[in-house]
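Letters go in sequence order (proteins before strands), and every chain restarts at 1.
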Protein chains: 2
Amino acid sequence: MAAASRPLSKKEIRRENEKLILEAAEKVFAEAGFGGATMQLIADMAGLPKANLHYYFPTKESLYRQVVQAIFQDWLKAADIFDDAPGPVEGISAYIDAKMEISRRHPAGSKVWASEVMHRAPVIQDYLETTLVEWTEGRMAVIQRWIDEGKMDAVDPRHLLYMLWATTQHYADFGHQIETLNGGLPLTDAQWEAAKTSVKTIILNGIGARQNRET
Amino acid sequence: MAAASRPLSKKEIRRENEKLILEAAEKVFAEAGFGGATMQLIADMAGLPKANLHYYFPTKESLYRQVVQAIFQDWLKAADIFDDAPGPVEGISAYIDAKMEISRRHPAGSKVWASEVMHRAPVIQDYLETTLVEWTEGRMAVIQRWIDEGKMDAVDPRHLLYMLWATTQHYADFGHQIETLNGGLPLTDAQWEAAKTSVKTIILNGIGARQNRET
DNA sequence: CTTCTTCCTGACCATACGGTCAGGATATGA
DNA sequence: TCATATCCTGACCGTATGGTCAGGAAGAAG
């Protein structure tokens with residue numbers, strides 16, 4: 001059937017299988033929640049026997065933990081954009097674009113994250129208290145600097161961040177609702193562009209973001 | 001112990017117990033998700049034996065369905081405000097206030113709803129396709145009228161609605177994250193006011209909402 | 001070729017869960 | 001007062017699930 005490649009080395013096998021399992025797990029956890037997900041279903045989706053999952057990941061929780069941690073990494077990475085930007089127009093635009101793209105390409109991850117937080121973060125509370133707190137404070141400082149430099153209105157940086165998270169992740173977490181309201185069809189390329197544009201327009205206007213130098 | 005009231009009539013008993021069960025169920029479903037919730041836990045929280053739950057609600061699913069339907073009703077009701085308003089400043093302000101208040105007073109309901117939609121709405125898909133679609137189209141028409149009347153910028157009404165939902169519900173669904181970022185403490189009255197103000201300011205400025213008559 | 005380590009898996013187990021039921025308690029209404 | 005309908009619940013049941021394990025297959029190392 002499939003193009004049988006040469007036998008894989010042990011390391012390759014491990015890497016390959018862990019990847020298969022993690023990908024399947026992310027989907028299943030996203031669709032069913034932690035409680036509703038079953039190891040059997042993840043195994044089927046990964047195309048491996050259930051016992052094999054327990055060979056790589058001793059418990060359901062350890063598998064879940066790794067899924068959530070991977071998502072958290074992506075989440076943070078999307079924000080490096082923020083720091084390098086000269087002002088809110090560039091920085092926030094780029095951040096919205098990046099997060100919207102994640103919502104589009106990686107909706108399962110966003111859902112798992114949302115579910116984890118909604119359930120009071122049973123497995124990544126320590127990350128929230130350390131990494132996320134630091135990250136947030138850093139970004140708030142950037143926004144405050146922009147305000148001090150007169151590049152945008154004096155809005156509360158914290159609530160601006162929440163709005164950015166909420167609006168962008170909404171397109172992943174509530175994607176099903178959005179699809180239903182779109183006649184049951186996934187958004188087209190053009191519709192995604194319209195969504196991005198709407199979010200950027202409203203938020204940038206909303207905070208009175210001003211270009212670095214008036215044209 | 002408790003002030004023993006006179007014996008309840010059968011009807012009162014039924015009403016009372018159903019209420020107890022539904023309230024407990026909403027909390028448990030919100031905290032654990034449908035799959036993670038157990039009838040035993042709901043029973044304990046309601047202070048009733050498990051078999052009693054099955055007397056009032058034959059299955060876990062039927063109980064869940066009623067919880068979700070009740071939430072959906074609230075959800076829609078909050079939006080009557082919209083129609084009576086003369087323009088976006090009043091209408092959208094009031095809508096944001098109302099939805100923020102729901103997020104604050106009724107976070108469990110919002111979480112159950114979010115969870116249901118994230119899992120592709122297994123029990124209320126029909127509502128999404130009928131009631132929600134109609135509701136959304138009605139509200140989009142109102143917004144479009146405001147645009148046509150020059151009361152706000154020509155933003156995409158659909159994405160504006162999504163932003164309103166996303167930003168307001170975020171304070172319930174991600175309340176735990178927000179609390180963690182607030183030093184582990186729930187938001188104070190003043191902080192809730194600041195949140196409302198931020199959301200309203202950014203969105204109303206963002207859409208260029210103009211008062212009915214210039215002062 | 002031999003030994004060692006890693007990978008693999010069918011069969012199995014204990015538990016927890018949703019759901020049932022028989023039979024008792026309690027209100028209602030004639 | 002008695003009959004009936006409703007409410008209540010401890011004990012029970014079948015199933016599904018997370019997890020285990022013994023033993024085999026297969027690459028790595030020498």
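- In the model, A/W165 has a side-chain atom that pairs as donor or acceptor with a side-chain atom of A/Y95 under 3.5 Å.
- DNA chain D is contacted by no residue of residues 14-30 of chain A, taking any non-hydrogen atom closer than 4.0 Å.
- Of the residues in residues 36-43 of chain B, those with a non-hydrogen atom less than 4.0 angstrom from any atom of DNA chain C are B/A37, B/T38, B/M39.
- Without hydrogens or angle criteria, B/S110 side chain to B/A172 main chain gives no donor-acceptor distance under 3.5 Å.
- Counting distance only, with no hydrogens placed and no angle test, the side-chain atoms of A/K10 and the base atoms of C/dT6 include a donor-acceptor pair under 3.5 Å.
- Of the candidates B/I178, B/L181, B/N182, B/L181 is the only one forming a side chain to side chain contact (heavy atoms under 4.5 Å, CB included) with A/R158.
- Scanning for side-chain hydrogen bond (donor to acceptor under 3.5 Å, both in side chains) contacts around A/Q144 gives A/D148, with sequence neighbours left out.
- A salt bridge links B/K196 with B/E193: the distance from a Lys NZ or Arg NE/NH1/NH2 to an Asp or Glu carboxylate oxygen falls below 4.0 Å.
- Ion pairing between a basic and an acidic side chain is recognised when a charged N comes within 4.0 Å of a carboxylate O; B/K99 and B/D74 show no such pairing.
- In this entry the distance linking CZ of A/F34 with P of D/dT17 reads 14 Å, nearest Å.
- With no hydrogens or angles considered, a side-chain donor-acceptor pair links B/Q125 and A/H176 at under 3.5 Å.
- Contacts between residues 48-69 of chain A and DNA chain C, counted as heavy-atom distances below 4.0 Å, involve A/P49, A/A51, A/N52, A/Y55, A/Y56.
- Under the ring-ring contact (aromatic ring centres under 6.0 Å, His included) criterion, A/W146 pairs with A/F82, not counting sequence neighbours.
- A straight line from CD1 of B/I13 to C1' of C/dA25 spans 11 Å, rounded to a whole angstrom.
- Screening A/Q69, A/E26, A/E116 against A/Y64 for a side-chain hydrogen bond (donor to acceptor under 3.5 Å, both in side chains) leaves a single residue, A/E116.
- Applying the side-chain hydrogen bond (donor to acceptor under 3.5 Å, both in side chains) test to B/D44 and every residue at least two apart in sequence or in another chain returns B/Q40.
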